[in-house]
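Below is one structure, written out as C-alpha cells; the observations come after it.
All ligand and atom numbering here is 1-based and tracks the order in the structure. Source: prediction; values computed, not measured. Note that the numbering runs from 1 along the sequence shown for the chain.
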Amino acid sequence: ARPRVVIVGGGAGGATAARYIAKDSQGAIDVTLIEPTRTYYTCFFSNLYIGGFRDLASIGHSYGTLAAQYGINVVHDWAVGVDRDGRTVTTAGGHVFPYDKLIVAPGIDFVEGSVPGWDISAQNRMPHSWKAGSQTQLLKAQVEGMRQGGLFCMVAPPDPFRCPPGPYERISMVAHVLRERNPTAKILIVDPKQSFSKQALFEEGWQKHYPGMIQRIGPDFGGNNVSVNPETMEVDIDGQVEKVDVCNVIPAQKAGRIAELAGLTGETGFCPIVPATMQSRMDEDIHVLGDATIAGDMPKSGFSANSHAKVAAMQVRAALTGSTAFPARYSNTCWSLIDTDDGVKVGASYAPTDEMIAKVDGFVSQTGEPADLRKLTYEESLGWYSGIVADMFG
Ligand code: FAD
C-alpha cells in the first residue's frame with residue numbers, strides 16, 4: 001500500500017504541503033487534506049478588501065484543483081482528535097484517518113480572557129476579523145456604516161501574533177475608507193506593545209495621508225490595560241471609558257486548538273519544532289507548520305507558512321519514498337499598503353540553527369522613499385499574491 005500522509009488544516013501552510021507532496025511524489029504517496037471550509041479566504045489582502053482595493057471573490061480559493069489535478073483526498077470536516085500511538089486522526093464527522101506522517105497546520109485560535117469583556121460570542125458586535133471571510137465582511141460593513149464623525153477603535157494584540165504589520169495595514173485601509181466617506185471620523189488604536197512592525201513607515205504614511213485622524217495609545221498610557229463592553233460599545237483604557245462606534249478587537253493568540261489537543265504545544269501555547277525539518281519537538285512523525293509554530297525569527301505570515309510547508313514536504317517525501325532532502329532555507333516578505341499606490345515591505349531569509357530558525361539577512365522599505373518606488377512595491381505585492389495562491393491551491 002502507498003504510504004499515507006494526513007494534513008490537518010488547508011490554509012497557507014497545509015494547502016502548500018498537500019500540493020507539494022502530491023505533485024513531487026507523483027502519486028507514490030496517498031495525501032489526505034482535512035479542512036472544514038470549502039472556500040478559504042486569505043487573511044492576506046483581506047485588509048485591501050476592507051479598503052476597497054479588492055473584492056471578496058478575489059481572496060477566496062477552493063480546493064477543487066488540489067483534488068482534481070493532484071489527486072489529493074480533500075475532506076471537508078474538522079479534525080477533533082489525534083491518536084499519536086495509533087497514528088490516526090479522527091474527525092467531527094466520525095471518520096478515522098490512519099497516517100504514516102501527519103502534518104498539523106491549524107493556524108491560530110484566541111487566548112480566552114485576553115481582552116476582558118470580550119469573548120467569541122461578542123464577535124458580531126466587536127469583530128476580530130483575524131480569520132478572514134464573514135468576519136472581514138462584517139468589519140467592512142461596520143466601517144462603511146459608521147455614523148459621521150464617529151470613532152473607530154482597534155484593540156491591538158500582544159506579541160506574538162499572526163501578521164505583525166497586519167493591524168497597522170488595517171488601520172491604514174480603514175483610514176482610506178473614512179477619508180472618502182466620513183472625513184471627520186477618528187481612529188483610536190490601543191496597543192499593549194511598546195513598538196510595532198514598520199512603525200516609522202506607518203507613522204510617516206499616516207501623517208502624510210490621514211493627518212489628525214489616527215491616535216495610538218501605547219502601554220505607557222494604559223494601552224496594556226484595556227477591557228471592553230460589547231453591549232454598551234465602551235472601551236475602558238486604564239480607567240478612562242471611551243464610547244466607540246466600531247471596535248475591532250484582536251485578542252492574544254495561540255496555536256489552533258487541535259495542536260493543543262494533540263499535545264504538540266508548549267508553555268507559550270505554540271508548537272516547538274525542529275528548525276531543520278519543521279518536525280514537532282514532541283513527535284517525529286508529526287510536522288507542524290505556519291502560525292501554530294514557534295519559528296524563531298520568522299514572523300507568523302502566509303509567506304512563512306508556505307516556506308515551512310516546502311521544507312516539511314521535502315522531509316516527508318524523503319522519509320517515505322527515499323527522495324533527497326536538501327538543507328532547509330526559509331524566506332518571508334510582508335508587504336503592506338498604506339494608501340493608493342503607497343506600498344511598503346519588510347523581508348528576510350532564514351536558516352536553521354540547532355535551537356531556532358535564525359535570520360540570515362533582510363531588507364525593509366525606507367521612510368521618505370519616492371512615490372514611484374512605493375508604487376513598484378505595491379505592484380510587487382500584487383504579483384506575489386497571485387504567485388503564492390497558485391503555489392498553495394494550484
Ligand atoms: P491558516 O492559513 O489560518 O490555515 C489554517 C487552516 O486550518 C484554516 O483553513 C482552518 O480552517 C483549518 N483548521 C483549523 N483547525 C482545524 C481542525 N481542527 N481540523 C481541520 N482544519 C482545521 N501573511 C502574509 O504572508 N502576507 C500578508 O500580507 C498577510 N496579511 C495578513 C493580514 C491580516 C489582516 C491577517 C489577519 C493575516 C495576514 N497574514 C499575511 C498572515 C497569514 O494570513 C497567516 O500567517 C497564514 O494564513 C498562516 O497560515 P497557516 O497555514 O498557519 O494558517
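Tyr168 and Asp191 share a donor-acceptor pair across their side chains, judged by distance under 3.5 Å alone. A donor-acceptor pair shorter than 3.5 Å cannot be found between the side chains of Ser307 and Tyr350. There is no side-chain donor-acceptor pair under 3.5 Å between Lys254 and Thr265.
A salt bridge is defined here as a Lys NZ or Arg NE, NH1 or NH2 lying under 4.0 Å from an Asp or Glu carboxylate O, and Lys300 with Asp159 fails to meet this definition. At a threshold of 4.0 Å, the pair Glu204-Lys208 does not count as salt-bridged, since none of the basic side-chain nitrogens sits closer than that to a carboxylate oxygen.
Judged by a 6.0 Å distance limit and a 45° cone about the ring axis, Arg216 is not positioned over the six-membered ring of Phe196. A cation-pi arrangement, defined by a distance under 6.0 Å to the six-membered ring centre and an angle within 45 degrees of its axis, is present between Lys23 and Tyr20.
The nearest non-hydrogen atom to atom 33 (C) of ligand 1, considering only Cys43, Pro106, Ser129, comes from Cys43.
Taking distance alone, with nitrogen or oxygen atoms compared against 3.5 Å, Ala292 stays at or beyond that limit from ligand 1. Considering both main-chain and side-chain atoms, Trp384 never comes within under 3.5 Å of ligand 1 through any nitrogen or oxygen pair. Every N/O-N/O distance between Asn47 and ligand 1 stays at or above 3.5 Å. Of the N or O atoms in Phe303, one or more lie within a sub-3.5 Å distance of an N or O in ligand 1.
At the shortest separation from atom 9 (O) of ligand 1 among protein heavy atoms lies Glu35 OE1, 2.6 Å. With hydrogens left out, the protein atom closest to atom 50 (P) of ligand 1 is Gly13 N, 4.0 Å, a heavy atom.
Residue Arg170 touches ligand 1 through its side chain alone, judged by heavy-atom distances below 4.0 Å.
Using a 4.0 Å cut-off to heavy atoms of Lys300, the atoms of ligand 1 that qualify are 45 (O). Per-residue contacts place Ser46 under 4.0 angstrom from the following atoms of ligand 1 (heavy atoms of the residue considered): 34 (C). Remark: ligand 1 atoms within the under-4.0 Å shell around heavy atoms of Asp291 are 44 (C), 45 (O), 46 (C), 48 (C), 52 (O).
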